[in-house]
J.: 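My questions all concern the structure below.
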Amino acid sequence: MQETTGRPPLLERPPLLEGRPQAAAAIWDWRGEQVHGPAQPSMSSVRIKAIVQSLVGFTVGSLIFFFWSRTVGSIALGIASVILFSGLVSPRGLYAGIQSLFEATGNVLGRIMTWVVMVPLFYLFFVPFGRIMRRGRRDQLKCFYEPDASSYWEPHKTLTAESREHQY
């Protein structure tokens, strides 16, 4: 029979095991002697990513080519071909450069779209509704100070058995 310590069994700690210093050094270099760069994905995972991106590009380019514009579809198919070729031939060189270019373009477009979309949204939606809400002067949260109030205490309702059954 096991001795009880007064604690529930879930909170009991397992006994500590002796470790190996080599394992600890491999896990955490607490002295900072080894310099590790950022983790690089494996070549096969980069190639798979390039294949998936090019398949999506081929699908979108084909749909654009057949249903909208042959010129734009051809450009999309060409970009997908370049991505596939660079991902298979030079995953850490040319493909990484193309990815960096796409990420930089996405950052720039994201910043531009933030200003193009969010500023008009603010002035067309939040400003008018803010003025409407201030015009009514309804203080639903009771945030404003009333200088002539003797107390801000609000009496509570008495609780009954029925009110506790349906609390919300």
Side-chain angles (χ1 to χ4, degrees), residues 5 7-143 167-168:
T5 59
R7 288 188 278 178
L10 292 177
L11 297 178
E12 290 183 13
R13 295 182 181 155
L16 295 176
L17 302 174
E18 278 192 39
R20 294 189 342 244
Q22 299 86 5
I27 294 170
W28 179 38
D29 181 26
W30 61 277
R31 292 185 181 165
E33 294 171 354
Q34 298 174 357
V35 178
H36 300 287
Q40 294 288 329
S42 66
M43 296 286 264
S44 62
S45 67
V46 174
R47 285 187 174 120
I48 289 171
K49 183 178 176 182
I51 291 170
V52 169
Q53 284 179 346
S54 62
L55 285 175
V56 170
F58 282 129
T59 304
V60 170
S62 299
L63 290 173
I64 290 172
F65 185 84
F66 289 117
F67 294 113
W68 185 48
S69 169
R70 290 183 180 258
T71 306
V72 176
S74 299
I75 292 171
L77 289 170
I79 292 171
S81 301
V82 168
I83 289 174
L84 179 64
F85 177 75
S86 66
L88 293 176
V89 174
S90 175
R92 296 230 173 118
L94 183 61
Y95 179 72
I98 292 172
Q99 285 297 107
S100 302
L101 178 69
F102 281 154
E103 289 173 4
T105 305
N107 268 338
V108 169
L109 289 177
R111 289 175 188 253
I112 291 171
M113 290 304 294
T114 298
W115 284 99
V116 168
V117 172
M118 297 305 283
V119 171
L121 179 73
F122 176 78
Y123 285 110
L124 293 175
F125 183 77
F126 289 105
V127 170
F129 280 101
R131 290 192 179 182
I132 289 170
M133 292 301 288
R134 279 193 297 270
R135 187 171 183 218
R137 295 301 285 177
R138 286 180 285 147
D139 187 19
Q140 295 173 347
L141 295 177
K142 297 183 172 77
C143 295
Q167 296 179 15
Y168 304 105

J.: Considering non-hydrogen atoms only, spot the tightest contact between G61 and A76 and give its length.
T.: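 Scanning both residues, the minimum pair turns out to be CA-CB, 3.7 Å.
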
J.: If you compare all heavy atoms of A80 against all heavy atoms of S54, which two are closest, and at what distance to 0.1 Å?
T.: O-CB, 3.5 Å

J.: About how many Å separate CG of L94 and CD1 of I83, when rounded to the nearest 0.5 Å?
T.: 10.5 Å

J.: Please report the interatomic distance CD(Q40) to CZ(R92), rounded to the nearest 0.5 Å.
T.: 5.5 Å

J.: Please check if atom CE in M43 has more than 12 non-hydrogen atoms from other residues, nucleotides or ligands closer than 6.0 Å.
T.: yes

J.: Is there a donor-acceptor pair closer than 3.5 Å between any side-chain N or O of R47 and the backbone N or O of S42?
T.: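 Such a contact is absent between R47 side chain and S42 backbone.
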
J.: Tell me every residue that passes side-chain contact (heavy atoms from CB on, under 4.5 Å) with I48, counting only those two or more places apart in sequence or in another chain.
T.: V52

J.: Between S90 (side chain only) and S86 (backbone N and O only), is there a donor and an acceptor less than 3.5 Å apart?
T.: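 Checking the backbone N and O of S86 against the side chain of S90, no donor-acceptor pair under 3.5 Å is found.
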
J.: Could you give the distance from OG1 (T114) to CG (L109), rounded to the nearest 0.5 Å?
T.: 10.5 Å

J.: Run the side-chain contact (heavy atoms from CB on, under 4.5 Å) test against I64 and tell me which residues pass, sequence neighbours left out.
T.: V60, W68, V72

J.: Taking all non-hydrogen atoms of both residues into account, name the closest pair between A50 and G87 and its distance.
T.: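 Scanning both residues completely, I find the closest heavy atoms to be CB-CA, 3.5 Å.
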
J.: Sorted by first residue and then second, give each ring pair (Phe, Tyr, Trp, His ring centres under 6.0 Å) pair with at least one member in residues 101-135; sequence neighbours left out.
T.: F125-F129

J.: Could you measure the distance from the CG atom of L77 to the OG1 atom of T59? Nearest 0.5 Å is fine.
T.: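 It comes to 9.5 Å.
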
